[in-house]
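Comments concern the structure below.
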Amino acid sequence: MPAMSDTTAPALLTILRYPDPRLHTVAQAVAAVDERIRALVERMFATMYDANGIGLAATQVDVHERLIVIDVSEERQQRLVLINPEVEWASPETRKGDEGCLSVPGIYDGVERSVAIRVRALDEQGNSRVIEADGLLAVCIQHEMDHLMGKVFVEYLSPLKRNRIKSKLVKAERDARR
């Protein structure tokens, strides 16, 4: 982990890599939105930005609570925190689009998702809010909510593709340790 010159910067978290079995853990509800959760939110944003991601679920950093951070903006200043998110509505219209994942580095493939959704969640202050999303934000929310259910996007792919991806990532991990 690189040293941080700013002592106020949150420490980065380790992102679990597929096929790590911990990625299949179903997250539990956040019991209280408190300082521990707010500190985790800051560390998750720092980790996501450092990895050039647009979304990160707590499951991906081995914290099995229903917490997601997202920022799909080009400028990286439209932070969205979803605690205990629940889908209230998803459009019947779907679209297949390429997705990638910080837990499945270098792999992109098509996944079918609802084009629009409405989600109710708590923010980092514990306030309930409703988010209506379409486009990239809708895809990102659905992708991250899958993580909270223990599902990685490659599970939407054929068993053949999934096994090829798993083999490729296991080999890359083994080669990196040499």
Side-chain angles (χ1 to χ4, degrees), residues 1-2 4-18 23 27 30 33-63 65-91 93-149 151-154 156:
M1 186 175 351
M4 300 205 157
S5 57
D6 181 359
T7 57
T8 61
L12 298 180
L13 299 160
T14 300
I15 298 172
L16 300 178
R17 299 283 176 97
Y18 182 79
L23 287 168
V30 170
V33 180
D34 53 17
E35 285 311 312
R36 179 185 69 83
I37 291 296
R38 283 187 277 280
L40 178 59
V41 164
E42 292 309 314
R43 290 182 73 193
M44 286 176 63
F45 270 115
T47 301
M48 180 189 78
Y49 290 140
D50 183 71
N52 293 317
I54 59 172
L56 187 65
T59 301
Q60 292 176 271
V61 293
D62 204 19
V63 176
E65 295 181 79
R66 295 184 57 77
L67 168 62
I68 294 169
V69 299
I70 293 174
D71 187 344
V72 297
S73 70
E74 290 286 326
E75 306 80 23
R76 312 303 263 162
Q77 94 288 9
Q78 292 179 12
R79 294 168 31 134
L80 178 62
V81 176
L82 302 175
I83 299 170
N84 297 335
E86 298 295 335
V87 174
E88 290 190 334
W89 173 83
S91 70
E93 182 187 351
T94 62
R95 185 173 300 127
K96 189 173 192 170
D98 269 0
E99 290 185 24
C101 181
L102 295 176
S103 291
V104 192
I107 305 294
Y108 299 87
D109 213 315
V111 177
E112 194 89 17
R113 301 275 187 194
S114 292
V115 298
I117 60 169
R118 183 173 54 245
V119 176
R120 178 175 301 277
L122 301 177
D123 65 16
E124 64 223 271
Q125 302 310 317
N127 300 315
S128 181
R129 43 186 311 205
V130 174
I131 293 96
E132 295 190 3
D134 59 10
L136 180 59
L137 181 57
V139 169
C140 189
I141 291 171
Q142 291 171 82
H143 176 108
E144 300 308 331
M145 287 186 71
D146 275 353
H147 278 299
L148 299 181
M149 297 308 298
K151 189 168 189 175
V152 180
F153 90 97
V154 296
Y156 288 100

How many angstroms lie between [atom1] in [X] and [atom2] in [Y], if you round to the nearest 0.5 Å?
X: I117; Y: W89; atom1: CD1; atom2: CH2; result: 9.5 Å
X: K151; Y: M145; atom1: NZ; atom2: CE; result: 13.0 Å
X: S103; Y: Q60; atom1: OG; atom2: CD; result: 4.0 Å
X: I70; Y: C140; atom1: CD1; atom2: SG; result: 4.0 Å
X: H147; Y: L16; atom1: NE2; atom2: CG; result: 10.0 Å
X: L136; Y: E99; atom1: CG; atom2: CD; result: 9.5 Å

Under 4.5 Å between any side-chain heavy atoms of [X] and [Y], yes or no?
X: V72; Y: Q78; value: no
X: P10; Y: T47; value: no
X: I68; Y: I141; value: no
X: L67; Y: L40; value: yes
X: L82; Y: I131; value: yes

Could you tell me which non-hydrogen atom of [X] sits nearest to which non-hydrogen atom of [Y], and how far apart they are?
X: V33; Y: G126; answer: CG1-N, 3.7 Å
X: S114; Y: Q142; answer: O-NE2, 2.9 Å
X: N84; Y: V30; answer: OD1-N, 2.7 Å
X: V115; Y: T94; answer: CG1-C, 3.8 Å
X: E144; Y: A57; answer: OE1-N, 3.1 Å
X: T59; Y: A27; answer: OG1-CB, 4.0 Å

Quiz prompt | Side-chain ion pair, D146 and R113, N-O less than 4.0 Å | solution =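 A salt bridge links D146 with R113.
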
Exercise. Determine, stepwise, if the pair I37 / E65 fulfils side chain to side chain contact (heavy atoms under 4.5 Å, CB included).
Key: CA-CA 10 Å; I37 291 296; E65 295 181 79; 4.0 Å; yes

Practice problem: Could you tell me whether E74 atom CD has more than 12 heavy atoms of other residues or ligands within 6.0 Å of it? | Solution: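 Result for CD/E74: open.
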
Quiz item: Near R38 CZ, under 6.0 Å, is it more than 12 heavy atoms from other residues, nucleotides or ligands?
Solution: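 For R38, atom CZ is crowded (more than 12 foreign heavy atoms under 6.0 Å).
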
Quiz item: Can you list the steps and then say if L102 with L56 is a side chain to side chain contact (heavy atoms under 4.5 Å, CB included)?
Solution: CA-CA 8 Å; L102 295 176; L56 187 65; 4.1 Å; yes

Quiz item: Knowing that exactly one of E88, E132, E86 qualifies, which makes a salt bridge (Lys or Arg N to Asp or Glu O under 4.0 Å) with R120?
Solution: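 Result for salt bridge (Lys or Arg N to Asp or Glu O under 4.0 Å) with R120: E88.
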
Quiz prompt | Steps toward side chain to side chain contact (heavy atoms under 4.5 Å, CB included) verdict (V130, R118) | solution = CA-CA 7 Å; V130 174; R118 183 173 54 245; 3.4 Å; yes

Self-check item: Cationic tip of K96 above Y156 ring, under 6.0 Å, 45° of axis
Solution: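 The answer is no, since K96 fails at least one limit relative to Y156.
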
Self-check item: Lys NZ or Arg CZ of R76 over Y49 ring: under 6.0 Å, within 45°
Solution: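 Output no; distance or angle outside limits.
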
Quiz item: Is a side-chain donor or acceptor of D98 paired with a backbone partner of G110 at a separation under 3.5 angstrom?
Solution: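 Yes, the answer is positive, given that a donor and an acceptor are paired below the 3.5 Å cut-off.
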
Quiz item: Under 3.5 Å, is there a donor-acceptor pair between the side chain of R43 and the main chain of A11?
Solution: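 Indeed, once roles are kept as given, a pair shorter than 3.5 Å links the two residues.
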
Quiz item: Checking side chain to side chain contact (heavy atoms under 4.5 Å, CB included) for the pair I107/F153: CA distance, chi angles, key distance, verdict?
Solution: CA-CA 10 Å; I107 305 294; F153 90 97; 4.3 Å; yes

